[in-house]
Amino acid sequence: MSGEFELIERITSGLTVLDDVILPVGDDAAVLRFSGDTVVTTDLLIENVHFKRQWSPARAVGRKAVAVNVSDVEAMGRGRARSS
């Protein structure tokens, strides 16, 4: 299988970028304009890849899911700060 960036390119190639897309999908998230600029990210955790059920209570898996998504939002902020 291709790497993450190749998969993102394959999925998004040929898509039309609308005026409401401030920063298109990348490694971490996209920035869309709804009623204001909104960062959208959807990361997921896969059992036996990112966690083991026998080692991880549901609360810990939930915290990790929040952490990886918040990290993606933060990474988008760093990218915007560098490009501004």
Side-chain angles (χ1 to χ4, degrees):
M1 179 172 185
S2 324
E4 180 179 1
F5 293 108
E6 290 83 13
L7 179 59
I8 291 168
E9 176 60 31
R10 230 174 55 212
I11 291 170
T12 60
S13 67
L15 292 179
T16 302
V17 178
L18 304 174
D19 291 339
D20 291 339
V21 178
I22 308 306
L23 188 62
V25 68
D27 177 37
D28 298 303
V31 179
L32 308 176
R33 178 163 292 134
F34 292 111
S35 58
D37 292 354
T38 304
V39 177
V40 178
T41 182
T42 56
D43 222 331
L44 59 99
L45 301 179
I46 300 170
E47 185 178 5
N48 296 321
V49 173
H50 300 106
F51 69 94
K52 299 273 187 192
R53 190 180 302 192
Q54 66 266 30
W55 306 336
S56 308
R59 185 177 200 89
V61 175
R63 287 177 63 94
K64 184 173 182 174
V66 169
V68 298
N69 281 280
V70 167
S71 172
D72 286 350
V73 171
E74 192 272 337
M76 292 298 289
R78 281 195 321 261
R80 295 280 287 188
R82 281 195 303 260
S83 65
S84 298

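Reckoned from all heavy atoms, side chains included, excluding hydrogens, waters and symmetry mates. Everything numeric in this text was worked out from a predicted model, so none of it was measured.
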>> Please check this pair: side chain of S71 against backbone of A67, looking for a donor-acceptor N/O pair closer than 3.5 Å.
In response: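 No, because the side chain of S71 does not come within donor-acceptor range (under 3.5 Å) of the backbone of A67.
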> Who are the side-chain hydrogen bond (donor to acceptor under 3.5 Å, both in side chains) partners of R53, not counting sequence neighbours?
Replying inline: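 Once residues adjacent in sequence are excluded, the partners of R53 under the side-chain hydrogen bond (donor to acceptor under 3.5 Å, both in side chains) criterion are E47.
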>> Q54: which residues meet the side-chain hydrogen bond (donor to acceptor under 3.5 Å, both in side chains) condition with it, sequence neighbours left out?
In response: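 Expected list: none.
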> What pairs meet the salt bridge (charged side-chain N to carboxylate O under 4.0 Å, His left out) rule with one or both residues in residues 57-70, with sequence neighbours excluded?
Replying inline: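 Sorted pair list comes back empty.
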> Other than F51, which residues form its hydrophobic cluster under the rule that side-chain heavy atoms must be closer than 4.5 Å?
Replying inline: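 Traced through the cluster, F51 reaches L45, V61, V68.
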> Once you round to the nearest 0.5 Å, how far does CG of N69 lie from OG1 of T41?
Replying inline: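 It is 4.5 Å, given to the nearest 0.5 Å.
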